[in-house]
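The structure appears right after this line, and notes come after that.
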Amino acid sequence: MGSGKEGKKKPLNPKEMMKMKMKKPSSLGPKASNPEPKFKKKNKLLNNVDKKKKKNDSSDKVGAKKPKPQAEPIPPSQQLNFFLDQFQSANNLQLSSLESDSLTETLILDLSQGLDREVSTLGTQMKAAFGPSWKEVLCEGQLMEGKIDPGNPAVLIISASALRSLEFLRGIRPLTRECPAAKLFSKHMKVDDQVSILKNRVNIASGTPSRIKKLIDMEALELSRLSVIVLDMHTDVKGYSLFTLPQVREEFWDLYKNYFHQRLLQGDTRICLFGRIPIGTDRKKNTKQAS
């Protein structure tokens, strides 16, 4: 008889046990390991495509930038009434009948209605405003004794900030290649440097009320050739504009009363309200902010 020890199986060592674990039986043979992961992977890819498509569809509806609807043109008479209302409200005064009769809608530069009032279109708008003489007035860089003096722009753009002034200068760059525009704001600009620039011919200048007034007070900036004042109607993220930002508003009307109002009364200069003009509901909102 054999002993009990001979009937017992020899225990497997750890290496053999690992090999057995790694070997998995497959009824489909070695090349068809398991078809399920392939189907799952394919479905996963299809799901990802669907998700991306849905995401793109939702971005088209919500996040995509849509062209801004062109604002309806506002007649010059309404623009003038808006401007005069702002002037009287800000200065707490009432224009005399003589002044009111002198300030007619011809003082408002009515821009081409076929173009949006975006900064990039200002150059085209100014060319249309000056007609056949636009190149001579806006582009040429030579001084003409007795006719065009140094530091005497034909167009003056007034904004609430230096950043907006720079945006306008970029928009009119095609007009300022031969005769550079003057930057009339205080941010990163020294007065002495601006005075030096104004010793040359200047056709277009862009700046903020405070620095513009300072340069006029210093007699560095002349106004005898000034034909158009472009007033930036842009509102910032907080809803403020040239007419509603408290300190800038005061500086602008101080500049206007001292140097521009008389020129308008005499018909020497026109006003261009560039951008969306807050008339109606927006106008009431702006008046409330200004007060």
Side-chain angles (χ1 to χ4, degrees), residues 76-111 122 125-126 128-131 133-134 136-138 143-144 146-160 165 168 172 179 181-182 184-185 194-195 198 201-233 242-243 248-275 277:
S77 58
Q78 288 188 33
Q79 295 185 45
L80 178 64
N81 289 337
F82 166 76
F83 178 75
L84 295 179
D85 284 350
Q86 293 290 319
F87 172 54
Q88 294 176 109
S89 174
N91 295 280
N92 195 25
L93 57 80
Q94 183 72 36
L95 291 172
S96 66
S97 57
L98 182 62
E99 286 180 310
S100 297
D101 292 340
S102 300
L103 297 170
T104 65
E105 62 185 63
T106 56
L107 298 176
I108 298 294
L109 176 60
D110 195 21
L111 299 178
L122 181 60
Q125 300 277 18
M126 288 298 104
F130 282 90
S133 63
W134 69 266
E136 179 186 348
V137 176
L138 301 175
L143 290 169
M144 300 175 67
K147 187 176 180 182
I148 299 177
D149 296 324
N152 206 337
V155 177
L156 181 60
I157 305 166
I158 306 178
S159 301
S165 295
F168 275 103
I172 59 170
C179 183
L184 308 181
F185 44 80
Q194 291 168 331
V195 171
L198 293 172
R201 173 166 173 168
V202 174
N203 296 325
I204 302 172
S206 178
T208 52
S210 178
R211 182 53 60 91
I212 290 172
K213 184 176 184 298
K214 185 169 187 175
L215 291 165
I216 297 174
D217 291 340
M218 295 173 65
E219 299 183 354
L221 179 63
E222 299 289 336
L223 301 177
S224 60
R225 185 174 167 239
L226 186 60
S227 179
V228 176
I229 302 171
V230 178
L231 301 180
D232 182 17
M233 293 288 98
L242 180 66
F243 288 171
V248 173
R249 175 177 181 250
E250 294 171 8
E251 292 168 350
F252 169 73
W253 289 117
D254 185 39
L255 169 65
Y256 174 81
K257 285 187 298 182
N258 283 281
Y259 294 110
F260 300 151
H261 186 63
Q262 194 61 34
R263 292 189 63 82
L264 263 68
L265 290 172
Q266 294 170 354
D268 297 327
T269 302
R270 290 185 293 171
I271 292 285
C272 171
L273 303 178
F274 195 86
I277 302 170

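Below, all heavy atoms of this structure are taken into account, side chains as well, without hydrogens, waters or symmetry copies. Here the structure is a predicted model, which means the values were calculated and not measured.
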Between the CZ atom in Phe83 and the CG atom in Leu273, the distance rounded to the nearest 0.5 Å is 7.0 Å

Is it true that the side chains of Lys257 and Asn91 contain a donor and an acceptor less than 3.5 Å apart?
yes

Is Leu223 close to Thr269 at the side-chain level, that is, under 4.5 Å between some pair of heavy atoms?
no

Closest approach of Glu99 and Leu265, non-hydrogen atoms and distance?
O-CD2, 3.9 Å

Going from CD1 on Ile229 to CG on Leu109, what distance comes out if it is rounded to the nearest 0.5 angstrom?
11.5 Å

Can you tell me how far the CG atom of Leu103 sits from the CG atom of Leu84, to the nearest 0.5 Å?
5.5 Å

Does the ring centre of Phe260 sit less than 6.0 Å away from the ring centre of Phe87?
no

Taking the side chain as everything from C-beta on, heavy atoms only, tell me whether Leu184 gets closer than 4.5 Å to Ser165.
no

Check Pro153 against Glu222 and note the closest heavy-atom contact, atom names and distance.
CD-O, 3.5 Å

Which atom names give the shortest non-hydrogen contact between Met233 and Ile277, and what distance separates them?
CG-CG1, 4.5 Å

Compare every heavy atom of Gln125 with every heavy atom of Phe274, then report the nearest pair and how far apart it is.
CE1-CG, 4.4 Å

Any idea how Phe252 and Phe243 line up, ring-wise: parallel (<30°), tilted (30 to 60°), or perpendicular (>60°)?
tilted

A side-chain contact here means heavy atoms from C-beta on lying under 4.5 Å apart; do Leu95 and His261 qualify?
yes

So which heavy atom on Phe168 is nearest to which on Ser206, and how close?
CB-OG, 4.2 Å

Approximate separation, where rounding is to 0.5 Å, of Glu105 CD and Asp110 CG
9.0 Å

Let me know which of Asp232, Leu231, Val230 forms a side chain to side chain contact (heavy atoms under 4.5 Å, CB included) with Ser159.
Asp232

The reported gap from CH2 in Trp253 to CD in Gln88 (rounded to nearest 0.5 angstrom) is 9.5 Å

Please name the pair of heavy atoms, one in Met218 and one in Val195, separated by the smallest distance, quoted to 0.1 Å.
CE-CG2, 3.9 Å

Any Ile157 side-chain heavy atom under 4.5 Å of Leu122 side chain:
yes

Side-chain touch Leu215/Arg211, heavy atoms, less than 4.5 angstrom
yes

Step-by-step side-chain contact (heavy atoms from CB on, under 4.5 Å) determination, Ile158 to Leu255
CA-CA 11 Å; Ile158 306 178; Leu255 169 65; 4.1 Å; yes

Go through the structure and list residues passing side-chain contact (heavy atoms from CB on, under 4.5 Å) with Arg225, not counting sequence neighbours.
Val137, Ile148, Asn152, Ala154, Arg201, Asn203

If you count the non-hydrogen atoms of other residues, nucleotides and ligands that lie under 6.0 Å from CD in Glu219, is the total more than 12?
no

Given 3.5 Å as the limit, does a donor-acceptor pair link the side chain of Asn258 with the main chain of Asp254, or not?
yes

Roughly how far apart are Ile212 CD1 and Leu221 CG, rounded to 0.5 Å?
7.5 Å

Answer with yes or no whether the side chains of Thr208 and Ser210 bring together a donor and an acceptor at under 3.5 Å.
no

